Amino acid sequence: MIKTIDRFLDHLTMYRLVLYYLIALVGTAFVFGFVKLVPQDPVALAFTTGLVLAACWITNKVFARTFDVPANSESLYITALILTLILDPVAATDLQVIGAIVLAAVWAISSKYMLAIGRKHLFNPAALGVALTALLLDRPATWWAGGNIWLLPFVLIGGVLVVRKLRRLDLVATFLVVALATILATTDPSHYGTALTETFGSSPLLFFAFVMLTEPLTAPTTRWPRIGFAAIVGFLFAPNIHIGSFYLTPELALLVGNLFAYAVSPKGRFVLRLERVEQSAVDSYDFIFRSQQTLAFKAGQYLEWTLGLDRSDNRGNRRYFTVASAPTERSVRLGVKFYPQSSAFKRALATMRPGSTIHASQLAGDFTLPSNPKAKMAFLAGGIGITPFRSMLQYLIDRKEARPIVVLYGTETQEDIAYRDVLGAARRELGIRTFHAVAKGTGPGQYPGHIDARLVRLAIPDYLERTFYISGPQAMVKALRQMLLAMGVRRSRLKTDYFPGFA
């Protein structure tokens with residue numbers, strides 16, 4: 001069952017999954033409205049959905065052209081559908097409320113551009129839109145979709161898929177634990193049953209956790225800051241928390257958390273200009289960019305890359321890729337493998353010429369070198385999964401820093417081997433050996449077939465003393481992880497390269 005779910009998720013980007021999730025919730029609420037399982041009128045819901053979508057689309061178009069940045073249709077649709085699900089539907093005749101909803105949509109979308117520092121937006125757009133509407137127009141969000149018992153199963157199923165896709169169980173679990181603990185701590189023990197029933201059945205707790213909290217651009221990108229962010233928002237989410245007579249709402253709790261996230265996260269959105277393209281292996285190319293700003297990152301981290309596409313596909317115009325260059329290099333290198341049926345994003349990338357630009361942001365990832373230079377490591381790579389290791393090895397070469405590392409690199413053919421120059425330099429200058437596992441056409445000194453337990457034992461006799469870094473196709477990563485666990489390697493010594501939106 002889990003494998004089937006993971007195969008499904010691997011073919012969707014994070015943004016597309018959330019978009020489908022929200023569409024399903026709106027559609028379900030519309031159907032339930034006809035049979036009175038939700039109190040919202042289905043005609044008003046349909047009108048409000050169209051109204052918010054139109055307001056968000058127009059606002060996004062205007063600001064994208066004004067600021068000359070790629071417009072992301074998935075992002076605006078996600079924001080619009082969230083607003084639809086947390087603001088009460090309005091009838092077509094209620095002009096005053098229509099105006100408030102339109103303004104909430106305009107404020108939400110414009111915040112991505114107007115309240116952005118270094119081209120990185122500061123607040124969750126939907127949360128800011130409804131907060132301003134409540135403050136200035138006295139039209140607060142009701143969070144109706146999150147507080148309906150009939151919609152709860154759909155909120156839960158879709159939310160679990162989102163958490164599985166994003167690998168953000170730590171974020172959601174911390175929020176839920178802290179929120180529930182705070183609610184119970186501020187409730188008379190005799191009312192615990194009522195408090196828990198209302199929290200799960202009538203409050204937006206789960207919708208908020210799965211949809212709002214997991215928004216990646218306004219949450220921390222590394223583990224411990226992410227947990228701190230979840231704890232802060234969870235504490236402030238509790239309905240009994242107040243400052244004097246002022247009680248916080250869910251959206252205000254999230255906005256406070258966004259400020260914390262900004263303070264502890266990498267800053268900025270970068271415009272990178274293409275210098276040249278190099279072929280690294282068969283069907284694999286490195287796009288080498290220059291940035292006017294200094295990009296400070298750790299070897300092995302990834303970026304979210306955005307291209308302006310006239311016509312997108314189901315993977316959207318944003319993709320996550322590891323930075324293949326080292327922090328010690330002046331250029332920013334993006335290593336990509338092209339397939340016969342490549343996505344619209346990759347097709348657009350292939351047409352880029354020197355001088356073309358791409359936008360990069362959301363630097364993140366814990367797949368990095370340990371602080372202890374004496375820690376024994378093993379790098380296991382498959383295909384283009386060698387990119388984070390190229391970054392790490394080049395970094396160590398430039399710093400002339402030898403570390404106890406062994407590389408196992410699996411490819412289908414000789415032509416699939418990328419970054420031979422860096423692997424060769426790592427061996428000559430640092431004594432870091434690479435063992436090639438080639439499935440077809442094995443050469444001298446290479447291992448025939450794929451990386452397996454026999455190769456691990458042959459190449460790394462002290463494998464139980466090492467931390468394994470595994471990067472490559474998701475099926476390979478999962479298989480190698482299970483294999484190493486069966487060989488006795490502790491879970492704490494396994495690090496897998498994962499980033500949201502992989503597809």
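We count residues from 1, following the sequence as given. Quick note: numbers below take in every heavy atom, side chains included, and nothing from hydrogens, waters or symmetry partners. As the structure is a prediction and not an experimental result, all values here were calculated from the model.
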| note | Taking every heavy atom of Thr368 against every heavy atom of Ala299, the minimum-distance pair comes out as CG2-O, 3.5 Å
| task | Could you tell me whether a side-chain N or O of Asp286 sits under 3.5 Å from a main-chain N or O of Arg333, the two making a donor and an acceptor? | result | no
| said: As a quick check of understanding, evaluate side chain to side chain contact (heavy atoms under 4.5 Å, CB included) for Leu81 and Tyr21, giving each step before the final call. | reply: CA-CA 10 Å; Leu81 291 173; Tyr21 175 29; over 6 Å; no
| Residues in side-chain contact (heavy atoms from CB on, under 4.5 Å) contact with Thr214, at least two apart in sequence or another chain | Val162, Leu166, Leu171, Val172
| field | Lys337 side-chain N/O to Asp416 backbone N/O, donor-acceptor pair under 3.5 Å | value | no
| message | Donor-acceptor check, side chain of Arg493 to backbone of Glu465, threshold 3.5 angstrom: yes or no? | response | yes
| field | Stepwise side chain to side chain contact (heavy atoms under 4.5 Å, CB included) test for Arg427 and Ile432 | value | CA-CA 5 Å; Arg427 180 166 185 164; Ile432 297 175; 5.9 Å; no
| remark: Hits for side-chain contact (heavy atoms from CB on, under 4.5 Å) against Ala439, two or more places apart or cross-chain, chain-then-number order -> Glu412, His450
| query | Should we say atom NZ of Lys440 is surrounded by more than 12 heavy atoms from elsewhere, each under 6.0 Å from it? | reply | no
| Test log, rule side chain to side chain contact (heavy atoms under 4.5 Å, CB included), inputs Leu259 and Leu122 | CA-CA 7 Å; Leu259 290 174; Leu122 182 58; 4.2 Å; yes
| Between the side chain of Arg433 and the main-chain N/O of Ala459, is any donor-acceptor distance below 3.5 Å? | no
| field | CE (Met487) with more than 12 external heavy atoms under 6.0 Å | value | yes
| query | Should the pair Asp462-Lys376 be classified as a salt bridge under the 4.0 Å nitrogen-to-oxygen rule? | reply | yes
| said: Nearest 0.5 Å, please: how far is OG1 in Thr467 from CZ in Arg490? | reply: 8.5 Å
| task | Would you name the heavy atoms of Ala131 and Leu252 that are closest together and state the gap between them? | result | CB-CD2, 4.2 Å
| query | Are side-chain N/O atoms of Tyr302 and Asp497 paired as donor and acceptor at under 3.5 Å? | reply | no
| task | Would you name the heavy atoms of Ala127 and Leu255 that are closest together and state the gap between them? | result | CB-CD2, 3.9 Å
| Excluding sequence neighbours, so at least two apart, what forms side-chain contact (heavy atoms from CB on, under 4.5 Å) with Phe154? | Leu25, Thr28, Phe32
| request: Can you run down the salt bridge (charged side-chain N to carboxylate O under 4.0 Å, His left out) pairs that involve residues 297-307, sequence neighbours left out, and say none if there aren't any? | output: Glu304-Arg318
| remark: Taken in chain and number order and not counting sequence neighbours, the residues that satisfy side-chain contact (heavy atoms from CB on, under 4.5 Å) with Met476 are Ile470, Pro473, Leu480
| task | Please check if the side chain of Ser284 supplies one atom and the backbone of Ser280 the other of a donor-acceptor pair under 3.5 Å. | result | no
| With distance as the sole test, does Ser203 use its side chain to make a donor-acceptor pair with the main-chain N or O of Phe200 at under 3.5 Å? | no
| task | Evaluate the side chain to side chain contact (heavy atoms under 4.5 Å, CB included) criterion for residues Arg403 and Leu430: first the C-alpha distance (whole Å), next the side-chain angles of each, then the deciding distance (0.1 Å), finally the verdict. | result | CA-CA 8 Å; Arg403 291 202 184 197; Leu430 304 178; over 6 Å; no
| message | Tell me whether the count of non-hydrogen atoms from other residues, nucleotides or ligands lying under 6.0 Å of CD in Gln292 goes above 12. | response | no
| With under 30° as parallel and over 60° as perpendicular, where do the rings of Phe237 and Phe208 fit, or are they tilted in between? | tilted
| said: If the threshold is 4.0 Å, N to carboxylate O, is there a salt bridge linking Lys400 and Glu429? | reply: no
| Heavy-atom donor-acceptor pair, Arg273 side chain to Gly355 backbone, under 3.5 Å | yes
Identify all side-chain donor-acceptor contacts of residues 382-399 below 3.5 Å with residues at least two apart in sequence or on another chain.
from	atom 1	to	atom 2	distance (Å)
Thr387	OG1	Ile384	O	3.3
Arg390	NH1	Ala324	O	3.3
Arg390	NH1	Glu329	OE1	2.6
Arg390	NH1	Glu329	OE2	3.4
Arg390	NH2	Glu329	OE2	3.4
Ser391	OG	Gly300	N	3.4
Ser391	OG	Ser325	O	2.8
Gln394	NE2	Asp398	OD1	2.9
Tyr395	OH	Arg399	NE	3.4
Asp398	OD2	Thr328	OG1	2.5
Arg399	NE	Glu401	OE1	3.1
Arg399	NH2	Glu401	OE1	3.4

| said: Parallel, tilted or perpendicular: which one describes the rings of Phe63 and Tyr113, with boundaries at 30° and 60°? | reply: parallel
